Amino acid sequence: MVVLASPPAADHIPLLRSPDPGDYFSGMPVIDLCSPGAPRAIADACERFGFFKLVNHGVATDAMDRLESEAVTFFSQPQADKDRSGPAYPFGYGSKRIGLNGDMGWLEYLLLAVDDSASLSGAVPSGSAFRRALNEYIGAVRKVAVRVMEAMAEGLGIAPLDALSKMVTAAGSDQVFRVNHYPPCAALQGLGCSATGFGEHTDPQLVSVLRSNGTSGLQIALQDGGQWVSVPSDRDALFVNVGDSLQVLTNGRFKSVKHRVVANSLKSRVSLIYFGGPPLTQRIAPLPQLLGEGEQSLYTEFTWSEYKKAAYKSRLGDNRLAQFQK
Ligand code: GA4
């Protein structure tokens, strides 16, 4: 493995081939959340890619911009000040280290817990403009996640409409918010390779909803052949991806998408991601409404708490569902 050594010397960040224009994802489903065809289009995209771009989603541009600008201000502080908001685990500021088992990426981030009323616990001072911007954006993006999950149920043809969404609206649902900052990695400019911003992985939760600034870097692996394709950035859109738990709830119909971020050599990337997870005690097993005559679950049963525990014992790129596959 090629590694990029930068101070401190313990930082080993894997390199990736720099994306080129030919890598762009030409077949990306773009779905208007308000269109009558949205439920079917969403279910179709989740089956084919586990990923889609959402427009006309109703989150105010102002709310997204305000949070982005507060995040930029936070990350512009001196390192020692940011470190005071750390460590990242269980929640707080982190830099380069991802998870607990040695994964590294060219980024710094804030990992935040969202409580039931969509307000935050943790690292960002209450009463600050940053906290207000977070609360406003998270409240809005959470509503989008609920609408998307209702559309998924409708698209799958299952009742009730809240069969999936109730898992993120339930008391005690385990929702996480992440603000990522990928600084430009100028040292590698022109060398044909780039630092790994966030290594390949699938998300353990049900759904993830991402918004980024105008800097590209996100790549997804296509289900059909695993080819990596680059997702063109669009600061006005939201990007939704299926997580492992939703793959299990749909008995493999929806695909948990492998994705990663390649750091840009010239521009900073800032992304805001909401992860919708169920309550810790939620049993994760295919919805009975989705199992056809005689169809068996592809997975041994587990709770979200068990899955989360297993996830934190794993490396980022591991296939975490494999141990639960029958
Ligand atoms: C991926 C999705 C979310 O960002 C996250 C990540 C978490 C972390 O950064 O702490 C994990 C990763 C994510 C999956 C496997 C474990 C846990 C890092 C890691 C190596 C917050 C999450 O819930 O799972």
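We count ligands from 1, going down the list as the structure has it; atoms in each ligand are counted the same way. Everything quoted here is computed from the prediction, not taken from an experiment.
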Chemist: For ligand 1, which atoms sit closer than 4.0 Å to a heavy atom of Tyr89?
Modeler: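 Once the distances to Tyr89 are compared, the set is 8 (C), 9 (O), 10 (O).
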Chemist: Give the residue and atom name of whichever protein heavy atom lies nearest to atom 12 (C) of ligand 1, and the separation in Å to one decimal.
Modeler: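 Among all protein heavy atoms, the one nearest atom 12 (C) of ligand 1 is Leu316 CD1, 3.9 Å.
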Chemist: Indicate every side-chain donor-acceptor pair of residues 47-60 with a distance under 3.5 Å to a residue at least two apart or in another chain.
Modeler:
{"unit_1": "Lys53", "atom_1": "NZ", "unit_2": "Asp234", "atom_2": "OD2", "d": "2.9"}
{"unit_1": "Asn56", "atom_1": "ND2", "unit_2": "Asp32", "atom_2": "OD1", "d": "3.0"}
{"unit_1": "Asn56", "atom_1": "ND2", "unit_2": "Asp32", "atom_2": "OD2", "d": "3.4"}
{"unit_1": "His57", "atom_1": "ND1", "unit_2": "Val59", "atom_2": "N", "d": "3.0"}
{"unit_1": "His57", "atom_1": "NE2", "unit_2": "Asp236", "atom_2": "O", "d": "2.8"}

Chemist: Heavy-atom distances under 4.0 Å decide this one: backbone, side chain, both or neither, for Pro204 against ligand 1?
Modeler: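 Just the side chain.
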Chemist: Show which atoms of ligand 1 fall inside a sub-4.0 Å distance from at least one heavy-atom site of Ala311.
Modeler: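 Those of ligand 1 that fall under 4.0 Å from Ala311 are 15 (C), 16 (C).
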Chemist: Is Glu68 salt-bridged to Arg211, going by a charged N under 4.0 Å from an acidic O?
Modeler: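 A salt bridge links Glu68 with Arg211.
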Chemist: Can you list the atoms of ligand 1 that are under 4.0 Å from a heavy atom of Arg320?
Modeler: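 Ligand 1 atoms under the 4.0 Å threshold to Arg320: 14 (C), 15 (C).
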Chemist: Taking 4.0 Å as the limit for heavy-atom contacts, which would you say applies to Gln205 with ligand 1: side chain only, backbone only, both, or neither?
Modeler: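 The part of Gln205 near ligand 1 is the side chain, not the backbone.
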Chemist: Would you call Ile98 a ligand 1 contact, heavy-atom distance under 4.0 Å?
Modeler: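 Yes, Ile98 has heavy atoms under 4.0 Å from ligand 1.
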Chemist: For ligand 1, find out whether one of its N or O atoms is nearer than 3.5 Å to an N or O atom of Tyr312.
Modeler: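 Min N/O separation from ligand 1 is below 3.5 Å for Tyr312.
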Chemist: So, are Glu154 and Arg40 salt-bridged, with charged N and O less than 4.0 Å apart?
Modeler: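 A salt bridge is absent here (no side-chain N lies under 4.0 Å from a carboxylate O).
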Chemist: Using 4.0 Å as the upper bound for N to carboxylate O, is an ion pair formed by Arg84 and Asp81?
Modeler: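 A salt bridge is present here (some side-chain N lies under 4.0 Å from a carboxylate O).
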Chemist: Is Asp103 salt-bridged to Lys96, going by a charged N under 4.0 Å from an acidic O?
Modeler: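 Lys96 and Asp103: not salt-bridged.
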Chemist: Considering all heavy atoms of both residues, which atom of Ser212 and which atom of Arg269 are nearest to each other, and what is their separation?
Modeler: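 Heavy atoms of Ser212 and Arg269 come nearest at OG-NH1, 3.5 Å.
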Chemist: Would you check if the distance from the ring center of Phe198 to the ring center of Tyr109 is below 6.0 Å?
Modeler: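 No, they do not, as the ring centres are separated by 6.0 Å or more.
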Chemist: Can you tell which part of Leu111 has a heavy atom less than 4.0 Å from ligand 1: side chain, backbone, both or neither?
Modeler: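 Only the side chain of Leu111 comes within reach of ligand 1.
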Chemist: Any atoms of ligand 1 less than 4.0 Å from a non-hydrogen atom of Asp203? List them with their elements.
Modeler: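 Result: 1 (C), 2 (C).
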Chemist: Enumerate, atom names and distances included, each donor-acceptor pair closer than 3.5 Å involving a side-chain atom of residues 270-286, sequence neighbours excluded.
Modeler:
{"unit_1": "Tyr274", "atom_1": "OH", "unit_2": "Gln175", "atom_2": "OE1", "d": "2.7"}
{"unit_1": "Arg283", "atom_1": "NE", "unit_2": "Glu301", "atom_2": "OE1", "d": "3.3"}
{"unit_1": "Arg283", "atom_1": "NE", "unit_2": "Glu301", "atom_2": "OE2", "d": "2.6"}
{"unit_1": "Arg283", "atom_1": "NH2", "unit_2": "Glu301", "atom_2": "OE1", "d": "3.3"}

Chemist: Among all protein non-hydrogen atoms, which one is nearest to atom 18 (C) of ligand 1, and what is the separation to 0.1 Å?
Modeler: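 The answer is Gly99 CA, 3.7 Å.
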Chemist: Report yes if Arg178 has an N/O atom closer than 3.5 Å to an N/O atom of ligand 1; otherwise report no.
Modeler: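 N/O-N/O distance under 3.5 Å: yes.
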Chemist: Is a salt bridge present between Asp23 and Arg17, judged by a nitrogen-to-oxygen distance below 4.0 Å?
Modeler: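 Salt bridge flag = yes for Arg17 with Asp23.
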Chemist: Specify the protein heavy atom at minimum distance from atom 3 (C) of ligand 1: its residue, its atom name, and the distance to 0.1 Å.
Modeler: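 Here the closest protein heavy atom is Phe275 CZ, 3.4 Å.
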